[in-house]
Amino acid sequence: MEAALKFARVSTGRKEVIAAMRGFHGRTMGALSATYNKKYKEAFEPLVPGFSHVAYNNISALEVAVTDRVAAVILEAVQGEGGVYPADPAYLQAARRICTDHGTLLILDEIQAGLGRTGKCLPSSIPTLRPISSVSRNRWRAVCRWGSAVW
């Protein structure tokens, strides 16, 4: 996640990042900044500035939040914090369109959704999504220790 956030900020020259409510992105400083639940974040504040959150699966909220000041939108195809919440395919397609319209990068956090849980090996392999970065790590841990940020 850290590499994807750095890439988004450097390549766009922007500092703001939008993530979804109920999202969990990890325990590093940038990932915690994108994570929604305060219980994970409070002990480490202040975190990285410029992060805000919108309702998951709410296209209208995303349209309002994403402006020409936003470097990246971070979404999970399947949220796993407090249950299992899959993204509506129309929501992911709208996120792709909204990001393209504003020159904003789309980051898909695929830790929960990897290894075929959405019908594809990774949701980013769906051709019309074209995320600038796909972040996957935990589900591969049993095979080998590694993390990846692909762009």
Side-chain angles (χ1 to χ4, degrees), residues 1-58 61-62 65-67 69-89 91-96 98-99 102-126 129-151:
M1 183 57 63
E2 298 301 306
L5 290 169
K6 287 177 181 178
F7 180 76
R9 285 185 164 190
V10 167
S11 67
T12 65
R14 304 171 187 176
K15 304 295 181 221
E16 294 180 22
V17 177
I18 306 294
M21 293 175 178
R22 208 176 44 231
F24 180 82
H25 301 285
R27 298 190 190 279
T28 58
M29 293 303 278
L32 279 172
S33 300
T35 294
Y36 183 68
N37 195 326
K38 294 262 313 162
K39 75 179 180 183
Y40 299 112
K41 301 165 34 161
E42 287 178 324
F44 304 102
E45 291 178 337
L47 295 172
V48 180
F51 285 77
S52 59
H53 297 86
V54 297
Y56 188 63
N57 271 334
N58 186 325
L62 195 58
V66 178
T67 68
R69 294 183 316 269
V70 175
V73 171
I74 302 172
L75 296 175
E76 297 165 284
V78 178
Q79 287 186 328
E81 177 65 18
V84 177
Y85 303 95
D88 184 321
Y91 176 68
L92 294 177
Q93 295 298 330
R96 170 72 275 155
I98 293 164
C99 287
H102 290 280
T104 297
L105 305 184
L106 176 60
I107 299 171
L108 282 183
D109 183 340
E110 301 190 275
I111 290 171
Q112 292 293 333
L115 296 177
R117 292 178 180 189
T118 61
K120 298 280 186 184
C121 182
L122 294 171
S124 61
S125 63
I126 300 168
L129 277 184
R130 300 179 335 270
I132 192 66
S133 179
S134 170
V135 181
S136 181
R137 180 182 60 99
N138 288 356
R139 299 298 167 213
W140 299 91
R141 197 177 289 183
V143 178
C144 59
R145 291 239 212 236
W146 67 298
S148 66
V150 180
W151 54 80

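Looking at residues two or more places apart in sequence or on another chain, you find a side-chain hydrogen bond (donor to acceptor under 3.5 Å, both in side chains) between Thr104 and Arg14. Evaluation of the ring-ring contact (aromatic ring centres under 6.0 Å, His included) rule for Tyr56 yields Tyr91 as partners, not counting sequence neighbours. The side-chain hydrogen bond (donor to acceptor under 3.5 Å, both in side chains) check on Arg9 picks up nothing, with sequence neighbours excluded.
Not a single donor-acceptor pair under 3.5 Å links the side chain of Ser33 to the backbone N or O of Phe51.
Of all non-hydrogen atoms in Ser52 and Ile18, the two that sit nearest each other are OG-CD1, 3.0 Å. Listed here is the closest heavy atom pair of Ala19 and His25: CB-NE2, 4.4 Å. In this structure, Ala72 and Ile107 approach most closely via the heavy-atom pair CB-CD1, 3.8 Å. Of all heavy-atom pairs between Ala95 and Leu75, the closest is CB-CD1, 3.6 Å. Heavy atoms only, all atoms of each residue included: His53 and Thr35 are closest at NE2-O, 3.4 Å.
Of the inter-residue distances, the one linking Glu16 atom CD with Thr67 atom OG1 reads 5.5 Å to the nearest 0.5 angstrom. Note: Asn57 CG to Gln79 CD = 8.0 Å, rounded to the nearest 0.5 Å. For the atom pair OG1 (Thr28) and CD (Glu2), the distance works out to 3.0 Å, reported to the nearest 0.5 Å. The distance from atom CD of Gln93 to atom CG of Asp88, rounded to the nearest 0.5 Å, is 10.0 Å. Here the NZ atom belonging to Lys41 is positioned 11.0 Å from the CE atom belonging to Met29, to the nearest 0.5 angstrom. Rounding to the nearest 0.5 angstrom, the gap separating the CG atom in Leu108 from the CG atom in Leu92 is 6.5 Å.
Looking at Val70 and His102, their side chains never come closer than 4.5 Å, going by heavy atoms from C-beta outward. Side chains of Val66 and Val54 form no contact here, defined as non-hydrogen atoms less than 4.5 Å apart. Within the 4.5 Å cutoff, the side chain of Met1 has heavy atoms near those of the Ile74 side chain.
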Set out, in order, the CA-CA distance, both residues' side-chain angles and the distance that settles side-chain contact (heavy atoms from CB on, under 4.5 Å) for Glu76 and Arg22, then state yes or no. CA-CA 10 Å; Glu76 297 165 284; Arg22 208 176 44 231; over 6 Å; no
Test side-chain contact (heavy atoms from CB on, under 4.5 Å) applied to Val73 and Ile98, step by step: CA-CA 10 Å; Val73 171; Ile98 293 164; over 6 Å; no
Between Leu105 and Phe7, is the side-chain contact (heavy atoms from CB on, under 4.5 Å) condition met? List the steps. CA-CA 9 Å; Leu105 305 184; Phe7 180 76; 4.1 Å; yes
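Counting only N and O atoms by type, the side chains of Tyr40 and Glu81 include a donor and acceptor under 3.5 Å apart.
By the neighbour-count criterion of 12 heavy atoms within 6.0 Å, atom OH of Tyr36 is sparsely surrounded, having that number or fewer from other residues, nucleotides or ligands.
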